[in-house]
Every structure is written in structure tokens, then in C-alpha cells.
Amino acid sequence: MKIISISNNKGGVGKTTLTVNLAFELIRRGYVVLLVDLDDQCDLTKIYRPPGDVTPDILSLLQGRCAITDAHVEVADNLHLVPGSSDLFHFGFTQNERILLELFSDKEFEDVDFVLIDHPPNLNEAALVGYTASDEVLIVTDPEAFGVQNLDQMFDRLEQIKDAMNPSLHILGIVVNKVDLRRNLTSKMLKDLSSVLGDTLFSTWNSNDTAIPTSLYAGKPVRTLHWRSRTVDQFSKITEELLERMGYLNGYGETAAE
Ligand SMILES: Nc1ncnc2c1ncn2[C@@H]1O[C@H](COP(=O)(O)OP(=O)(O)OP(=O)(O)O)[C@@H](O)[C@H]1O
Ligand SMILES: [Mg+2]
């Protein structure tokens with residue numbers, strides 16, 4: 001099992017969008033994915049939670065008010081969700097920063113290949129618990145001034161978290177989202193990011209495309225829309241790159257046997 005935090009302390013850059021589409025690409029490739037909504041806005045939960053579902057949310061799970069077996073719902077074949085909670089701030093995280101890690105190591109999740117944690121747009125206590133549980137951090141940003149400047153703050157904070165709580169936490173890379181090459185500033189920012197970040201930057205970025213808000217409104221990954229968006233191929237390439245970076249691909253575009 002690999003646990004991946006999908007994060008940025010900046011809001012609205014596309015964390016939830018990437019989580020939804022990455023999860024779909026991974027299950028298409030035969031992996032079992034567990035989604036965890038660690039954002040008290042609960043956007044991921046709004047997309048996936050079946051109407052009338054009564055699965056306890058992450059707050060109940062963290063508080064031990066439900067069994068681990070009851071705390072996730074299968075929202076599609078091989079895709080599970082631990083629903084978010086708008087009251088998550090009620091949990092005193094500092095009592096046990098390793099709590100999520102302990103829960104993921106339960107045998108209930110032994111078939112899960114990837115846990116994708118959709119982070120809140122800040123570095124609050126819930127986010128710290130997410131980073132403490134994670135093997136990898138996948139940062140999403142947009143090609144805007146504040147998005148780029150915020151990266152420094154993210155890197156500093158992640159270094160502190162590594163030192164204090166999770167020495168093996170690894171930055172998997174940075175995906176740039178909402179790219180519109182018709183804007184001169186965007187091309188310049190992509191060049192600047194690439195020269196500063198080098199290989200940390202994923203080689204595929206995501207276009208700014210109306211298919212994304214349309215698909216989220218329909219509660220679906222973009223690949224399942226009836227029209228073809230170029231972001232479908234981009235999400236696929238980002239997934240391949242992610243798998244390759246984690247050593248899952250054999251160089252021929254096939255998933256290596258584990
Ligand atoms: N590539 C894209 N092209 C066009 N719109 C996009 C793209 N990616 C995301 N969006 C839109 O941007 C908005 C924010 O996306 P999303 O909710 O995924 O960001 P987020 O980082 O999870 O936000 P938050 O910080 O609030 O959790 C949504 O309305 C979404 O439809
Ligand atoms: Mg979000």
C-alpha cells in the first residue's frame with residue numbers, strides 16, 4: 001500500500017479534481033484505491049457519497065465511535081471512500097498524530113494498493129495527520145503568482161513535518177493545473193517553474209478546460225463524460241508518471257508485478 005497526500009495550502013488549485021481523476025485512472029489499471037476526505041469542506045464526499053448512505057464519517061472513525069469495517073463505503077468497483085466531516089476540527093489531533101497511519105495498517109485495508117488523501121487548503125492539524133500517515137506528497141498548483149510563491153512555504157513546512165513526524169515522507173512531485181497557453185504569463189511561469197523545480201515538476205500538466213467543472217458538477221471523472229477532453233490524456237499521462245516515479249512501471253507502459 002502507498003499512501004499519497006494530494007495537497008497544497010492554497011485553495012482552489014485542483015486537489016479534489018486530481019484526486020477524483022487519478023483514482024479513476026488507477027482503478028482502470030486494476031488497482032484498489034481508498035479515498036480519504038480530510039477536508040472539512042467535504043467536496044470529495046459530495047462527489048462520491050451515494051444518496052442516503054449512512055457510512056460513518058472520518059470524525060467517527062478517528063474518535064473510535066465506529067468499527068473500521070464500517071467506516072468506508074465502496075463507491076465503485078475497487079474504489080472506497082472514507083467520507084469527510086464538516087466537524088473535523090472537533091477532533092483533538094495533537095493527541096495522536098499517527099492515528100491515520102495506525103488505521104490504514106489495519107487488515108481491513110490489506111487489499112488497498114493506493115490511499116489518496118484529499119487535503120484541506122491549509123496546514124491545519126488534520127493536514128498534519130495526513131502528512132504523518134503518508135509515504136508521498138503530490139502537490140497541485142496553478143500557474144498564478146500566489147500559487148507559485150506558496151510553493152516555498154509548502155516546501156519549508158514539509159521539511160519541518162519530515163523532521164518532526166515523518167522522516168520518510170517524500171515529495172513525489174508537482175502537477176501544474178489550469179494551464180492556458182494562450183496566456184503569455186502561463187508559458188513564462190511554466191518555464192520558470194521548470195528551471196527552478198527541475199524533475200520535481202511532472203512533465204505533463206493539466207489544461208484549463210471547461211470539461212473539468214462540468215464533470216465535477218456531474219460527480220464524475222472527466223473520462224466518463226460523453227465528450228472527449230484533452231485532459232483525459234493528461235490525467236492518464238500524469239498517472240503513468242506517478243506510477244513510474246513510485247517504481248510501479250517497467251518502462252514499457254505496463255504495471256510491474258509486485
Ligand atoms: N483543469 C481545470 N480546468 C478548469 N477548471 C478547473 C480545472 N481544475 C479544477 N478546476 C475548477 O476549479 C475549481 C477548484 O477545483 P478543486 O475543487 O479541485 O480545487 P481544490 O484545490 O480541491 O479546492 P479546495 O482548496 O477548496 O479544496 C473547481 O470549480 C473546478 O471545477
Ligand atoms: Mg478540494
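Both backbone and side-chain heavy atoms feed into the values below; hydrogens, waters and symmetry mates do not. Every number for a ligand or one of its atoms is a count from 1 in the order of the listing.
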So which heavy atom in the protein is nearest [atom], and how far is it from that ligand atom?
| atom | result |
| --- | --- |
| atom 3 (N) of ligand 1 | Asp209 N, 2.9 Å |
| atom 5 (N) of ligand 1 | Pro213 CD, 3.5 Å |
| atom 26 (O) of ligand 1 | Gln41 NE2, 3.1 Å |
| atom 6 (C) of ligand 1 | Ile212 CG2, 3.6 Å |
| atom 23 (O) of ligand 1 | Gly12 N, 3.1 Å |

For ligand 1, is there an N or O atom under 3.5 Å from any N or O atom of [X]?
| X | answer |
| --- | --- |
| Pro121 | no |
| Gly14 | yes |
| Lys178 | yes |
| Val13 | yes |
| Asn208 | yes |
| His119 | no |
| Lys15 | yes |

Heavy atom of protein inside 4.0 Å of atom 29 (O) of ligand 1, strictly below
no
Parallel, tilted or perpendicular: ring planes of Tyr248 versus Phe114, cut at 30 and 60 degrees:
tilted
Determine whether a donor-acceptor pair (N or O, by modelled atom type, separation under 3.5 Å) exists between the side chain of [X] and the backbone of [Y].
| X | Y | value |
| --- | --- | --- |
| Asp57 | Pro83 | no |
| Ser236 | Val232 | no |
| Asn8 | Val140 | yes |
| Asp142 | Asn177 | no |
| Asp70 | Pro56 | no |

Are Phe109 and His80 close enough that their ring centers fall under 6.0 Å?
no
Give the contacting part of Asp118 toward ligand 1: side chain, backbone, both or neither, where contact means a heavy-atom distance below 4.0 Å.
neither
Short version for Thr17: what comes under 4.0 Å of ligand 1, heavy atoms counted, is both
Lys15 bridged to Asp43 by N-O distance under 4.0 Å:
no
Arg223/Glu25 ion pair, N-O < 4.0 Å
yes
Are more than 12 heavy atoms, taken from residues, nucleotides or ligands other than Asn184, located less than 6.0 Å from that residue's CG atom?
no
Tell me whether Arg98 at atom CZ has more than 12 heavy atoms from other residues, nucleotides or ligands lying less than 6.0 Å away.
no
For Ser207, state whether at least one heavy atom is located under 4.0 Å from any atom of ligand 1.
yes
May I ask you to list the protein N, O or S atoms found at less than 2.8 Å from the Mg ion (ligand 2)?
Thr16 OG1
Near [X], which atoms of ligand 1 are under 4.0 Å from a heavy atom of that residue?
| X | result |
| --- | --- |
| Leu216 | 30 (C), 31 (O) |
| Asp39 | 27 (O) |
| Gly11 | 25 (O) |

For Asp87 and Ser85, what are the C-alpha separation, side-chain angles and deciding distance, and is it a side-chain hydrogen bond (donor to acceptor under 3.5 Å, both in side chains)?
CA-CA 5 Å; Asp87 293 326; Ser85 164; 4.8 Å; no
Going by heavy-atom distance to atom 22 (O) of ligand 1, choose the closest among Asn122, Asn177, Thr16, Ile6.
Thr16
Looking at side-chain heavy atoms only, is the closest gap between Ile27 and Asp77 below 4.5 Å?
no
Are any non-hydrogen side-chain atoms of Leu243 and Arg29 less than 4.5 angstrom apart?
yes
Just to verify, what does Lys162 make a side chain to side chain donor-acceptor pair (under 3.5 Å) with, not counting sequence neighbours?
none
Show the nearest heavy-atom pair for residues Asp199 and Arg245, with the distance to one decimal.
O-NH2, 2.7 Å
